[in-house]
Amino acid sequence: MNATTSDFKGLQNDSDESDEEYTPLYDDTDEPDQRTARETKGWNLFREVPVKKESGSQATAEWIDLSVKILKLLAYILVFLAVLSSAVIAKGILLFITSQLKKDRNINHCNKPLALDQQFLTTHTLEERVSWLWAAVIVFGAPEIGVFLRSVRICFFKTYRKPTHLEFFVAFLTDTLHTIGIAVLLLFILPELDVVKGAMLMNAMCIVPGIFNALTRDRSDSRYFIKIALDIFAVSAQVTAFFVWPLLDGTPILWWIPMACIFTSIGWWENFVSTPDKDSPAFYRGLFKLSKELKTTRYYTQRVLTLWKIIIFMACVMVSLHVQGDNPFAFFTSCSDAFSARNYSVHEFHVIQGITRDLEYELTGGTFDLPASYNSSLWVALIQVAAAYFCYASAKYACKILIQSFSFTFALSLVAPITINCLVVFCGMRNSNPCAFHNSIPDYLFFEIPPVYTLKEYVGREMTWIWLLWLISQAWICLHAWQPRCERLAATDKLFCKPWYSGPLVDQSLLLNRTKEEDMEIQYENLETTLTEDISEIDKDGTKDYVRPSDSITRIYVCATMWHETKEEMMEFLKSIFRLDEDQCSQRVARKYWGIHNSDYYEIEAHIFMDDAFDQSDSNESSTVVNSFVKTLVNTIDEAASEVHVTNVRLRPPKKFPTPYGGRLVWTLPGKNKLICHLKDKSKIRHRKRWSQVMYMYYFLGHRLMDLPISVKRKEVLSENTYLLALDGDIDFQPSAVTLLIDLMKKNKNLGAACGRIHPVGSGFMAWYQVFEYAIGHWLQKATEHMIGCVLCSPGCFSLFRGKALMDDNVMKKYTLTSNEARHYVQYDQGEDRWLCTLLLQRGYRVEYSAASDAYTHCPERFDEFYNQRRRWVPSTMANILDLLVDSKHTVKVNDNISTLYILYQILLMVGTVLGPGTIFLMMVGAMNAITGMSNINALMLNLVPIAIFIFVCMTCKSETQLTVANIITCAYAMVMMMVIVGILLQIIEDGWLAPSSIFTVVTFGSFFITAAMHPQEISCLLYLGIYYITIPSMYMLLIIYSLCNLNNVSWGTREVPQKKSMKELEQEKMEAEAAKKKMDNSSILRLFGNTEETSGSMECGVAGLFKCMCCTNPKDHKEELHLLQIQNSLEKIEKKLNNLGATEVTEPTINLRRSSMGLRGEQLSVVPEYEDSDLSADIPRDERDDLVNFNWIEDADLQKGEVDFLLTSEIEFWKDLIDTYLRPIDENKEEQARIKNDLKNLRDTTVFAFIMLNSLFVLTIFLLQLNQDQLHFKWPLGQSVSILYDDEMNVVTINQDYLMLEPIGSLFLIFFGTVMLIQFTAMMFHRLGTLAHLLSTVQLNWYFVKRADELTHHAKIEKDAISMAKSLARADVAGTDAAAIDEGDVSRRRTIQQLENSRVSKNDAFNLDTNFKRRLTMLENADPATISFLPWLSSDLIERRATLRALKARRESVAMERRRSQMQTGRPSAYHYGIPGTSGMSGRPSGVYVNQGYQPAPLQDSDSDDSDLSVNGAPIGVPANNAARPSVVRFNLT
C-alpha cells in the first residue's frame, strides 16, 4: 500500500492476488478531486462520515431476532420433551401389549370390587389374547400403511424408477427377514420376559449395522485401530444378548433371540454401507451400488412389500397361536367374540411356600365373572400408533431445524433408561398394591412384573447389568447421529435411509435409520478453481470425468436489469450488492486464512444489464455517448459503498470494454468480487427486459459453461450448483435472503426457481394500497400455491433460478422466441417472468416461495403509473394461466408437484378473476339497495351508467383520458364503499351475528387478522386494510376493464422518459405534423358542408371495432396528379445528370463554438472556432472509429478515468453469433407492424366482447334470481327470530319462526369464496410452520446448549465465531484499529483534533476488505493490551484474548503451509473461479491502433495481479521501470 504506518508489519503474501489492486490512488496533481493522501492540505481534513440508515431491509428488527432465538430455545426444549415422552409412551405401550400375549399367565386382580380381605387372580382367555394380537398387528401395520399410501402417491403423481429383478429380490428378502425378526421378538420372546428385561433387550438390535461399521472403516484414518477395536467391542456386546438370558432362564423359546436380533437388524444394513475407496474390494463396491439403487426404487417396491410385510406378520401371529397349542385360525374366527361384550373369570387364592421355599399360588375355590373391557386393546393400539408417529414427526422436525444432537439423538438415547425406570416404579406400585391403578387400567390387565428380588439380586443374578453394555454399544454404533452434517430443511429422504419408521421399535429405527452423511469438506485450494482456466484443464492422469469437489460450490451470478431507475433506486440496489460482497468476503477470508469450512459458502459475480444505455452525441449524430442513467450509476457507486461500510469509500474507476452490443464497465468491489455493467445499445442489440435475460442466460450458461472443454459429468454438477439471481435495478435485500433461497435449492434438486417475500416501498395512497395487496397475495395466494402445488410466478425483481433447469429443453431456447402473433406480445413480452416460470413448470420443475426471504422494491406511487403497470400484468397473468390450464394434462403428467386438484383450484381462481367484475358490480347494486332503499332496478341502472361510460372511454379514447375517468370513478366508488361499511354494520345489528352476511364478514376480517398475527413482522400491513377495502371496486372491476380494453397496447407503460431524437427524426416528425395539420384543415366541419375544393374522399365513423359506417363520394379525374408526377420524374433525372457532371451545391459555412477535449494531463486549451462539416471539406481525412477498438464513449469524463481493455476474441465471436441468432434488433417493417397492430386490436375486441358477455350473463342471471328470491331461496338454519303469540279467546299459543333467506348471490359468495378462503387459510397455516422451521434452522444459540466461552478451547472459539470475527476485522469501522471510525461517544470526551490529524494520512487510503482483514489481523497479533481491549468479541479476560490471538496466528500459518504443500504436489498455482482478479476473463486485444486519452493508469502498487516474480529491471512486465505514468497505448500490426 502507498499509505501505511511505519510500525505496520504486513502479513506474508500467501494469496494469489494482490490486495493492493483496488487502492484508489491517483497521480493527477492538476485535479483536486484526484489528489492522494500526501497531497491533502490541512485545511481540508474535516470529514463527512456516512451514518448507517435503518430503512427497508436495514430496518432494525432486534425484537424479531430475539423472538426467533426465544422460539429456538423453546424448540430445543419442547421438541426434546416431545421426542422423549412420545417414544417412552410408545415403547411402554408396546411392552404392555406383549405382556398380554402369554398363554396361561396369572395376573393379580384388585380386590376392591370383590372382597377386601381376599386375594384374587385371573388368567387371559383365548379371546382376550386374540384381541391383543390384533393390537400388535395394528401397531406393526399402521406405519406400513403409511408407507404404502406415500408410495402410491409418489408413484401416481411423481416420477419413479422401476427396480431390476435383483434389486427387487434383495428388497423383498431384506424386508421379509426384518418382518420375521420383529414378529419373533414381539410374539415369542417379549411375552416370555418381564417388561424390564424386554425393554433392555430392545437395545441389542444393532448386530448387523455394527458388523458393517467395522468392515467399512476408512483404513487411512489415523484413529483406525482405535475405532476398529471399539467396533469389535460393540459387536461382541451385542452378541452377548444371544445366550445370556436363554442360559439363565432355560426357556427354549428364548433361544430364538439370536434370530430375532439378526433378522431385525438386517432391515438397517443399507445405512451402514459407507462410500468405498479405490482399495475396496469389488464385492463391497457392488454392495454400495446396490444400496444406492435400492433407495431410488424404494417407493416402487414398497407399494407391494408393505402389504407383503403385513401378511408375513399376520402369518407369524398364526404361528404363535399354533406354538402355544391354540387353533391358528382362531385369530380370525374368534375376532367377533374378542371385540364384543364378554366376561372374564377371577379366582380367589392364597400364597403358600413350596418345597423349594419359593412362593406358590393355591386356589381356594372362589370364582367371580366380571365384564371385560373388550375395546381396550384397540384404544391402547391407537395410542401407541399416535405416540410413535408423533415421535417420528418430532424427531424429523428436530433434524430439519438443526437441533438433532440434543433434541433427537440425546432424547432417543434416554428412551430406554427412562422407560426401564418408569416400568420399575409402576411394577413396584402394582406389586405392592394390586389396586394401585384401579381407576385408570382395567384390573385384569397389566405389565409382566419382574420376580420379587432385591435390586442386588436382580442386577447380579439375573445379569441385567449387561444391558449397560448393549446401551453403550448401541450408542457407539449410532455415533453418526451425534454428528449431524445435513443442510437446513433437508428432505426426509436425505435425513433417513428409509422414509418411515418401525412402529414397534420407533427409537431404534430412527437412530439406525438416520442417514450417515459423508464428510465432504472442500479445501480452499479447490475453491480457487476457475471456470475459465483450471476447471477446463484435463486431469494429469488423463481422466476428464473426474468431478472435483469445487464443482459443487454454490456459484451465483447476480443479474440485474436496469432501464430508467432513479438515483435513490440505484442506491438501494448497489447497497445490496455491497452487502453481498462483504458477506462473501468474510466467508472467503475465514476459509482462506483459518481453514473454516462453512456450508453456506458461495461465490458471486454481479452483473447489471442496462437497456438503452446510449444517446446520440450532440456534436456528431453518427457517434453515441452514454446516457444520464449510466452516469448516475457511475456516480452513485462510491456513495453506496460508503453507506454500507459506514466510511468514505472510493472504488477504483471502472475498467472499460468495447463490446459488440455496446460496452461494458467493470468495477472491483471491496471484497474482490466483480460488478460488471453491460451497456446495451438498442441499435446493436434488442432491448427490453426479456432480451436482457436471454442475453445473460446464454452468456453464463452457454458461453461460460457449455463452451468449457470439460467432461459432461462436471458440467452436470456445475450446472446444478450454478444459480442466476434475477433482480430489478431498485431491489433492496440482505445476504441472508439469498442464503434462504439457496437452502431451498439445496433441499430439492428438482427446484427450478425460488422467490422471496416482496415488500413494496413508496409513499402515498397507491403505495399503501399495494402494501396490503402484496401482503395478502404472499400470505395467502403464494403460500397456497407453494403448499398444494407450485408457485406460478417467481417475480423477476428477486428470484433465484437454477442453471440446469434453465438449460433444459423448451425453456431457454423457447424463451428466445420472437413475438409474431398477437397473443405472443401479451404472454411473452408483458409478463416475461411469469412466462419463464410457466416454461419451467411445463418441463417438470418446481417453483417455491420462501416467506423468510425478504426483499424491498419500489412500487408505483401514482394512480396512472399503477394502472399502466397492472395493464401489463393482468393480461399476461391470465394468458399464462390459460396456457397452463390448456396444457394441464401434459403438465400434470410431467410435473410431480402439479396435480389435478391443483389445476381445479387454478380453474376456480380463473373463474373468479373473469367473473370478479360482475360480482363486484352486483355487490355495489346490493349495497346501494340496502343503504339508500332504492329498488334493485334503479340501483342496477345507476351502477351501470359509470361502467358503460368507462367501457366506452376505454374503447375509444386515449390512455390519459381513460385514466382520468378511472380516477374519478374510483373516488366515487370509494365513497360508496364507505356507505357499504355502514350498511354492513346496520345489517349485522338487524339480522344478528348468525346471519350469512354477518358470518361471512366476521370470517373474512377475522382471517385477515389471524393471518397477520401469524406474520408478526408484517402485522403493520393491517393499517392499510381500510384503503384496500374502499378501492375494491376500482381494483377488481375498473382495473380489469382497463387492462382488457387496452390489450392492444403493448408498451411498457412505466419508467417512460422522452427519447433523444436525431435531426433526421425531428425533420421527419415536423413533416408528418405539417401533413397532419393540412389533413385536419381539409377535414374540418365547414368543409363537410361543401366549403371545400375537393370532389373526392370519404367519411367514416364507428365505435372501436364493433361497427363502422363509411360514406364515399365519387372520385374526380386524376389527370392533374399524373401530370405533376411526370414533371417530378423529369426533375429527378436532370438532378442526377448534374451530379454526374460534378456539380456541387455551395453553402455558406457557419461557425460553431465547442470546447475541445482535455489533454492527457488535464490542461485546458483555449476555445477556438471550428467550422461545421460540409461537402466542401469532404476530402479532408478524418479519424475512422471502430466501436470495438476506438469507441468514442471512452473519453466521457463522467465515466471516470479507468483503464481500457478488450474482450477475448472467442467472447467477441460469441456475442456476434448470439446477436445474429437471437438478439439482432427487429427491423421496423411497416407492413408487419400494421399486421400486428391489427391482430392486437382484433384480439382486444374479441376478448372484450367475451368478457362483457360473460359478465353480463352472470349479472343478469344472478339479478333475476335475486328479484325472485321469494320463490327461489334457501332457509338459513341459524339466527332465526322466534315470536310467541297467545290467543286468550282460543287459549292457543302460536310460535312463529322467521328464517333468514339465503339469496342466490349470498349462496354464491358462501360457496365460492368460502371454499377459496378455507383452502388458502389452511395452506397458509402449514406454510407458516415451514417458514418457522426455516427460520429456526438459521438461528444459532450461543448461550444455550453450548459450552461456555471459558470452557471452549481457543481453536474451538475460532471454529465457532470465525465468520463474525472475519467480518469484524475486514469492515471499516473496527473500533480501536481504524482511525477512520466515527466517534459517537460523549461530546466532552471526543478527540476531534486527534482524529482529524490521524485522517491526514488515511484520507484517501485504500479500501479493500481482504487487505483490511490481513492488516488488522497483523496489528492484533502484535498489538498492546490497549488495542486488544477494543475487541470484546475475543474474550472478557486479557490473557484469554492473547491466547486466542496466538491460536489465530498458528491456525493461519498452518493453513498457508498446507496450501503451499498442496500447490507443490499439484505442480500448479491455485487460480480463481472467475479468472485472474482485475481481468474477469476479459483480456486479449483485437487488431488496430488506438491511444486511450480517457485512461490514466493507477500507480504501480495498484497492479491487477500478484505476479511480482515476473519483472524486468525490478518492475513488473508491462510497467515501466521508472514507474512513470504514461498514456495507455495499444499497439498491433495491421494485416
Residues Phe272, Val208; criterion side chain to side chain contact (heavy atoms under 4.5 Å, CB included); working and verdict: CA-CA 9 Å; Phe272 292 85; Val208 173; over 6 Å; no
Chi angles and distances behind the side chain to side chain contact (heavy atoms under 4.5 Å, CB included) call for Phe408, Val83: CA-CA 7 Å; Phe408 174 83; Val83 172; 5.5 Å; no
Side-chain heavy-atom pair Tyr299, Arg153 within 4.5 angstrom cut-off: no
Gap between atom OG of Ser473 and atom CG of Asp231 - 0.5 Å precision: 11.0 Å
Nearest non-hydrogen partners of Val791 and Cys755, listed with the distance: CG1-SG, 4.4 Å
Side chain proximity check, Ile477 to Leu511, heavy atoms < 4.5 angstrom: no
Donor-acceptor under 3.5 Å (Thr409 side chain, Ala481 main chain): yes
Ring geometry between Tyr849 and His786 (parallel below 30°, tilted from 30 to 60°, perpendicular above 60°): perpendicular
Sub-4.5 Å side-chain heavy-atom contact between Tyr723 and Val738: no
Pairwise side-chain contact, Arg150 with Gln302, heavy-atom cut-off 4.5 Å (strictly under): no
Euclidean distance, Ser413 OG relative to Ile472 CD1, rounded to 0.5 Å: 12.0 Å
Spacing of CG belonging to Leu1335 relative to NZ belonging to Lys69, to within rounding of 0.5 Å: 13.5 Å
Flag, side chain of Trp132 to backbone of Thr98, donor-acceptor distance under 3.5 Å: no
Non-hydrogen atoms of Ser274 and Thr216 that approach each other most closely: OG-OG1, 3.6 Å
Side chain Arg1328, main chain His1015, donor-acceptor under 3.5 Å: no
Distance (rounded to the nearest 0.5 Å) between Phe96 CZ and Ile441 CD1: 5.0 Å
Steps toward side chain to side chain contact (heavy atoms under 4.5 Å, CB included) verdict (Phe140, Thr179): CA-CA 9 Å; Phe140 175 82; Thr179 303; 3.5 Å; yes
Spatial distance of atom NE2 (His1327) from atom CG (Leu1329) [nearest 0.5 Å]: 10.5 Å
Check: Gln238 side chain, Cys206 main-chain N or O, donor-acceptor pair, under 3.5 Å: yes
Main-chain N/O of Cys391 paired with Ser394 side-chain donor or acceptor, under 3.5 Å: no
Centroid-centroid under 6.0 Å between His178 and Trp268 rings: yes
Side chains of Phe148 and Ile310 in contact at under 4.5 Å (non-hydrogen atoms): no
pair Val195-Ser99: side-chain heavy atoms closer than 4.5 Å: yes
Within 6.0 Å of CH2 in Trp482, more than 12 heavy atoms from elsewhere: yes
Single hit among Val380, Ile138, Ile145 for side chain to side chain contact (heavy atoms under 4.5 Å, CB included) with Val385: Ile138
Ser86 side chain vs Ala388 backbone, donor-acceptor pair below 3.5 Å: no
Closest heavy-atom pair and its distance - Arg303, Ser151: CG-CB, 3.7 Å
Residue pair Val147 / Pro143, side-chain heavy-atom distance below 4.5 Å: no
Side chain proximity check, Thr419 to Met202, heavy atoms < 4.5 angstrom: no
Phe798 and Phe733 aromatic ring geometry - parallel, tilted or perpendicular at 30°/60° bounds: tilted
Donor-acceptor contact below 3.5 Å, side chain Lys91 vs main chain Asp507: no
Within the 6.0 Å centroid threshold, strictly below: Phe426 and Phe447: no
Over all atoms of both residues, closest heavy-atom pair of Leu423 and Ala199: CD1-CB, 4.2 Å
Parallel, tilted or perpendicular, as decided by the 30° and 60° cut-offs, for the rings of Trp500 and Tyr392: tilted
Any donor-acceptor N/O pair, Lys295 side chain to Asp493 backbone, under 3.5 Å: yes
Polar contact flag, side-chain donor to acceptor under 3.5 angstrom, Asn897-Tyr902: no
Phe437, CZ atom: more than 12 neighbouring heavy atoms under 6.0 Å: yes
Spacing of CZ belonging to Phe496 relative to CZ belonging to Arg514, to within rounding of 0.5 Å: 6.5 Å
Polar side-chain atom of Asp175 near backbone of Thr306 as donor-acceptor pair, under 3.5 Å: no
Stepwise side chain to side chain contact (heavy atoms under 4.5 Å, CB included) check, Tyr389 with Tyr501: CA-CA 8 Å; Tyr389 179 77; Tyr501 63 98; 3.5 Å; yes
Minimum heavy-atom distance Ala87-Val415, with the two atoms named: CB-CG2, 3.4 Å
Pairs meeting criterion side-chain hydrogen bond (donor to acceptor under 3.5 Å, both in side chains) with involvement of residues 743-759, two or more places apart: Arg488-Asp743, Asp743-His1334, Arg757-Glu1018, His759-Asp854
Under 3.5 Å: donor-acceptor pair, side chain of Arg846, backbone of Ala753: no
Where Ala1013 and Pro1016 come nearest, the two heavy atoms and their spacing: O-CD, 3.6 Å
